[in-house]
J.: 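First the structure, which I've put down as structure tokens, then a few questions once you've had a look.
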Amino acid sequence: MYYENFELGMEWKMCGIEITREEMLDFARKYDSAPVHADEEYGKNSRFGDIICPGTLSAMKLWNAWLQYKIPGEEFIAGLFCNMEWQAPLMPGDILNGKAYVSEKEDRNPYNGIVYIVVEGFNQKGEQVVKTTNCLVIKKLIMADQQI
């Protein structure tokens, strides 16, 4: 999808993304070894009563689900930044549902533009657990046949 094809408010749904204890622990041990994520005993004695999902894992699971739509495809040049916010913990066995939508567009140059994709994730109770704002550089249709 080219820059010109993105419209403000355009929305996609991602549903039924399971977060398993094993996946959480594996991710935490490799990338986020904070005790509340990686140490089950610590998690049991924490205010949460169990380990909680690393926020980056929940954000990446949603991002990957959105990418399955193959929306930007080859027109996706690069990401400029991603802002992540965590509102509530995601627990082992929770089911993550989400939505992604275009919140903003900026014309950049004759070759590409910037599209802001907001991704929000909710647990099976409907509580928001994560929100990311992703700033993407997307190729323009009018210059699609030229190298950037």
J.: Look at the aromatic rings of Y69 and W12 and report parallel, tilted or perpendicular, splitting at 30° and 60°.
T.: tilted
J.: Check step by step if side-chain contact (heavy atoms from CB on, under 4.5 Å) holds for V118 and K131.
T.: CA-CA 7 Å; V118 174; K131 177 181 178 181; 3.7 Å; yes
J.: Can you list the steps and then say if D94 with Q124 is a side-chain hydrogen bond (donor to acceptor under 3.5 Å, both in side chains)?
T.: CA-CA 7 Å; D94 277 355; Q124 67 278 4; 2.9 Å; yes
J.: Do the side chains of Y42 and I51 join up, straight or via other hydrophobic residues, at under 4.5 Å, putting them in one cluster?
T.: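 They do not share one cluster, since no chain of ILVMFWY contacts under 4.5 Å joins Y42 to I51.
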J.: Could you check if a side-chain atom of M24 sits within less than 4.5 angstrom of a side-chain atom of I19, using non-hydrogen atoms only?
T.: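 In contact.
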J.: Is the closest side-chain heavy-atom distance between L25 and E40 below 4.5 Å?
T.: yes
J.: Sequence neighbours excluded, which residues qualify as side-chain hydrogen bond (donor to acceptor under 3.5 Å, both in side chains) partners of T132?
T.: N134
J.: Verify side-chain contact (heavy atoms from CB on, under 4.5 Å) between C82 and W63, making sure each step is shown before the conclusion.
T.: CA-CA 11 Å; C82 175; W63 179 249; over 6 Å; no
J.: I would like to know whether M1 and F6 meet side-chain contact (heavy atoms from CB on, under 4.5 Å); could you show each step before the answer?
T.: CA-CA 7 Å; M1 180 180 266; F6 285 91; 3.7 Å; yes
J.: Sort out for me which residue in E11, K13, E120 forms a side-chain hydrogen bond (donor to acceptor under 3.5 Å, both in side chains) with Y101.
T.: E120
J.: Quick one: does I71's side chain get under 4.5 Å of F76's, heavy atoms only?
T.: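 Answer no - side chains too far apart.
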J.: Supply the atom-to-atom distance R29 CZ to D39 CG, rounded to the nearest 0.5 angstrom.
T.: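 CG of D39 is found 8.5 Å from CZ of R29.
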J.: Quick one: CG on D26 to OH on Y31, what's the gap to the nearest 0.5 Å?
T.: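 With rounding to 0.5 Å, CG (D26) is 8.0 Å from OH (Y31).
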J.: Run the side-chain contact (heavy atoms from CB on, under 4.5 Å) test on I52 and M91 for me, step by step, so that the C-alpha distance in whole Å, both residues' side-chain angles and the decisive distance to 0.1 Å come before the verdict.
T.: CA-CA 5 Å; I52 60 173; M91 308 303 288; 3.5 Å; yes
J.: So L57 and H37, do their side chains get closer than 4.5 Å, heavy atoms only?
T.: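 Sidechains of L57 and H37: no contact.
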